[in-house]
S.K.: 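Here it is, the structure, as structure tokens.
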Amino acid sequence: MGENAERVAQSTGDIPQNVNFAVQGAVARLFLEAGGQRYAEAPSQRDMKAADVADLSRSFTFQIECR
């Protein structure tokens, strides 16, 4: 267990796992632009079920770490 996880466990009695969060699209765009990263936007062309969106999103979802 990492040092930060140990501190959280001591404070809260729980170990943080799979911590995820979402940000507004405008904030994500500013973050990418500030880092010189390219991105593309496009309007939806069809109605999709949630499971289909999840399958599709795997091809363009990635982890961002801020240190």
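Just so it is clear, the model here is predicted, and its values are computed rather than measured.
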S.K.: What side-chain donor-acceptor pairs closer than 3.5 Å can you find for residues 25-32, not counting sequence neighbours?
M.R.:
unit_1	atom_1	unit_2	atom_2	d
Arg29	NH1	Glu41	OE1	3.4

S.K.: If a pair satisfies salt bridge (Lys or Arg N to Asp or Glu O under 4.0 Å) and one of its residues is in residues 53-64, list it, with sequence neighbours excluded.
M.R.: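 Counting only pairs at least two positions apart or across chains, the salt bridge (Lys or Arg N to Asp or Glu O under 4.0 Å) contacts touching residues 53-64 are Asp55-Arg58.
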S.K.: Hydrophobic clusters join Ile, Leu, Val, Met, Phe, Trp and Tyr when side-chain heavy atoms are under 4.5 Å apart, directly or via other members; which others share one with Val53?
M.R.: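 Noted: Val53 shares its cluster with Met48, Leu56, Phe60.
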